Peer 1: 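Quick one: structure below, then a few questions.
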Amino acid sequence: MRIARFSIDGNVAFGAVEGDKPDELVLDIIKGIPFADFQLSGTKVPLSKVRLLPPVLPNKVVAFGRNYAEHARELGNEVPDAPFAFFKPATSVIGSGDDIQYPAFSQELHHEAELAVVIGRLCREVPRERVKDVIFGYTCANDVTARDVQKREKQWARAKGFDTSCPLGPWVETDLDPGDLTIQLTVNGGQRQLGRTSEMIHSIEDLIVNITEAMTLLPGDVILTGTPAGVGPLNVGDEVAVTIEGIGTLTNKVIKRG
């Protein structure tokens with residue numbers, strides 16, 4: 001099931017996305033919230049009539065770096081022996097169609113297409129065999145990075161945590177095998193990144209076991225699983241799109257902040 005979060009006439013709701021053709025998609029509004037038992041209301045609205053919002057509002061976004069060997073090498077980094085985590089704040093999250101604001105403190109903004117895992121239940125110290133039980137679904141992400149700031153500062157908080165640096169969407173797909181999916185990113189229609197989730201160094205199970213050894217994850221929290229090779233610059237006016245097989249396409253435009 002594809003579950004979207006949206007606004008219409010000033011109201012915010014979740015809905016199940018139905019249909020196959022992009023111009024014929026409709027939302028069946030959900031009664032309740034998708035992290036608990038819910039029912040479909042039967043009240044349907046065309047997707048074209050709503051504004052898509054970030055599919056979840058995470059308490060925290062846990063991101064894992066250098067999880068694709070070719071990406072680590074393209075930036076001159078060693079491939080880590082263990083998962084390497086950092087955080088993006090909730091204020092960095094935007095949805096599909098929202099603008100990425102180019103921060104004034106950077107002159108080198110980069111895109112990073114990623115598969116995002118959405119957590120569905122409160123969990124801690126998750127054993128490997130139970131990882132699937134705590135996953136709600138999957139969505140597309142763009143770990144937008146101020147690369148010059150990342151290189152200059154020892155901590156990545158500003159480089160990867162600035163407002164609008166974590167586009168998520170367009171919705172969450174709950175019925176998906178993430179083991180070998182195509183990840184593609186385009187800028188203004190031209191392909192920049194192309195990889196497969198099977199190229200991850202550390203699996204989704206590895207990542208969730210690793211982070212839940214240290215902290216509790218809450219429903220709606222998001223795990224970013226790393227980016228394949230091909231990262232590169234974004235400029236004001238660019239349209240960047242992340243497409244992941246079986247999920248859909250996350251699209252954002254880059255604007256000048258201010």
Side-chain angles (χ1 to χ4, degrees), residues 54 58 60-80 83-116 139-169 183-197 199-202 222-244 249-258:
K60 54 187 170 294
V61 177
V62 183
F64 286 90
R66 303 170 188 169
N67 199 29
Y68 288 74
E70 289 304 314
H71 168 61
R73 295 188 186 106
E74 74 178 342
L75 296 181
N77 297 311
E78 296 292 328
V79 176
F84 177 77
F86 59 94
F87 293 96
K88 295 172 83 80
T91 48
S92 69
V93 174
I94 59 173
S96 189
D98 292 337
D99 293 329
I100 298 167
Q101 298 179 14
Y102 203 120
F105 59 83
S106 174
Q107 286 75 51
E108 189 183 2
L109 200 65
H110 277 201
H111 56 75
E112 295 191 8
E114 309 206 8
L115 174 70
T139 192
C140 305
N142 191 347
D143 176 21
V144 184
T145 301
R147 191 71 70 198
D148 52 345
V149 178
Q150 183 188 25
K151 293 175 182 176
R152 186 168 66 241
E153 299 180 357
K154 292 183 179 180
Q155 299 240 3
W156 296 359
R158 296 205 315 150
K160 287 178 171 285
F162 61 89
D163 292 354
T164 75
S165 67
C166 190
L168 297 174
I183 301 179
Q184 178 178 244
L185 182 141
T186 63
V187 177
N188 302 325
Q191 183 175 289
R192 292 277 190 87
Q193 291 183 264
L194 182 63
R196 302 195 70 83
T197 56
E199 299 167 356
M200 288 183 194
I201 299 166
H202 304 291
V222 171
I223 308 293
L224 302 189
T225 58
T227 191
V231 301
L234 291 171
N235 298 300
V236 172
D238 284 345
E239 183 176 86
V240 56
V242 177
T243 301
I244 299 181
T249 300
L250 164 70
T251 304
N252 303 92
K253 187 174 181 179
V254 181
I255 67 168
K256 183 178 179 180
R257 185 174 181 176

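Computed from a predicted structure; not experimentally measured.
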Peer 1: Mark yes or no for whether Ser165, through its side chain, and Lys160, through its backbone, hold a donor-acceptor pair below 3.5 Å.
Peer 2: yes
Peer 1: Taking Arg147's backbone N and O only, do any of them form a donor-acceptor pair with Thr145's side chain (distance below 3.5 Å, no angle check)?
Peer 2: no
Peer 1: Suppose we screen for salt bridge (charged side-chain N to carboxylate O under 4.0 Å, His left out). Which residues come up paired with Glu70, at least two apart in sequence or across chains?
Peer 2: Arg73
Peer 1: CD1/Ile255 to CD/Gln101 distance, rounded to the nearest 0.5 angstrom?
Peer 2: 5.0 Å
Peer 1: Could you report the tightest heavy-atom contact between Thr139 and Gly169, atom names first, then the distance?
Peer 2: OG1-O, 3.1 Å
Peer 1: Work out which heavy atom in Ala141 is nearest to a heavy atom in Ala116; give both atom names and the distance.
Peer 2: CB-CB, 3.9 Å
Peer 1: Can you give each donor-acceptor pair under 3.5 Å made by side-chain atoms of residues 226-239, sequence neighbours left out, with the distance rounded to 0.1 Å?
Peer 2:
from   : atom 1 : to     : atom 2 : distance (Å)
Thr227 : OG1    : Ala113 : N      : 3.2
Thr227 : OG1    : Ala113 : O      : 2.8
Thr227 : OG1    : Gln193 : NE2    : 2.8
Asp238 : OD1    : Asn188 : ND2    : 2.9
Asp238 : OD2    : Asn235 : N      : 2.7

Peer 1: For Arg257, what residues pass the salt bridge (charged side-chain N to carboxylate O under 4.0 Å, His left out) criterion, not counting sequence neighbours?
Peer 2: Asp163
Peer 1: Distance check, rounded to the nearest 0.5 Å: Leu194 atom CG versus Arg192 atom CZ?
Peer 2: 14.0 Å
Peer 1: What ring pair (Phe, Tyr, Trp, His ring centres under 6.0 Å) pairs are there with at least one residue in residues 88-111, not counting sequence neighbours?
Peer 2: none
Peer 1: So, using side chain to side chain contact (heavy atoms under 4.5 Å, CB included) as the criterion, who are the partners of Ser96 when residues are at least two apart?
Peer 2: Pro170, Leu250, Thr251
Peer 1: Can you name the residues that form a salt bridge (charged side-chain N to carboxylate O under 4.0 Å, His left out) with Asp148, not counting sequence neighbours?
Peer 2: none
Peer 1: Listed by chain and number, what are the side chain to side chain contact (heavy atoms under 4.5 Å, CB included) partners of Ala85, not counting sequence neighbours?
Peer 2: Val62, Phe64, Ile211
Peer 1: Under a 3.5 Å distance rule, please check whether Asn252 uses its side chain to pair with a backbone N or O of Val240 as donor and acceptor.
Peer 2: no
Peer 1: When you look at Thr197 and Thr225, which way does the side-chain contact (heavy atoms from CB on, under 4.5 Å) test go after all the steps?
Peer 2: CA-CA 9 Å; Thr197 56; Thr225 58; over 6 Å; no
Peer 1: Enumerate the residue pairs fulfilling ring pair (Phe, Tyr, Trp, His ring centres under 6.0 Å) with a member in residues 223-244, sequence neighbours excluded, ordered by first and then second residue.
Peer 2: none
Peer 1: Of all heavy-atom pairs between Glu114 and Leu224, which one has the smallest distance, and what is that distance?
Peer 2: OE1-CB, 3.3 Å
Peer 1: When rounded to the nearest 0.5 angstrom, what is the spacing between CD1 in Ile100 and OG1 in Thr164?
Peer 2: 6.5 Å
Peer 1: For Gln191, does the CD atom sit with more than 12 other heavy atoms under 6.0 Å from it, leaving out its own atoms?
Peer 2: yes
Peer 1: Just jot down the salt bridge (charged side-chain N to carboxylate O under 4.0 Å, His left out) partners of Arg66, sequence neighbours excluded, or say none.
Peer 2: none
Peer 1: When you measure from the side chain of Asn142 to the backbone of Glu112, do you find a donor-acceptor pair of N or O atoms at a distance under 3.5 Å?
Peer 2: yes
Peer 1: Taking only residues two or more places apart in sequence or in another chain, which ones pass side-chain hydrogen bond (donor to acceptor under 3.5 Å, both in side chains) with Glu199?
Peer 2: none
Peer 1: So which of Phe84, Phe162, Phe87 actually passes ring-ring contact (aromatic ring centres under 6.0 Å, His included) with Trp156?
Peer 2: Phe84
Peer 1: For Thr243, check side-chain hydrogen bond (donor to acceptor under 3.5 Å, both in side chains) against everything at least two apart and list the hits.
Peer 2: Thr249
Peer 1: Output the distance between atom OG (Ser106) and atom CD (Gln150), rounded to the nearest 0.5 Å.
Peer 2: 10.5 Å
Peer 1: Can you list every pair that meets salt bridge (Lys or Arg N to Asp or Glu O under 4.0 Å) and has a residue in residues 85-97, with sequence neighbours left out?
Peer 2: Lys88-Asp143
Peer 1: Determine the minimum heavy-atom distance between Pro58 and Ala90, stating which atoms define it.
Peer 2: O-CB, 3.4 Å
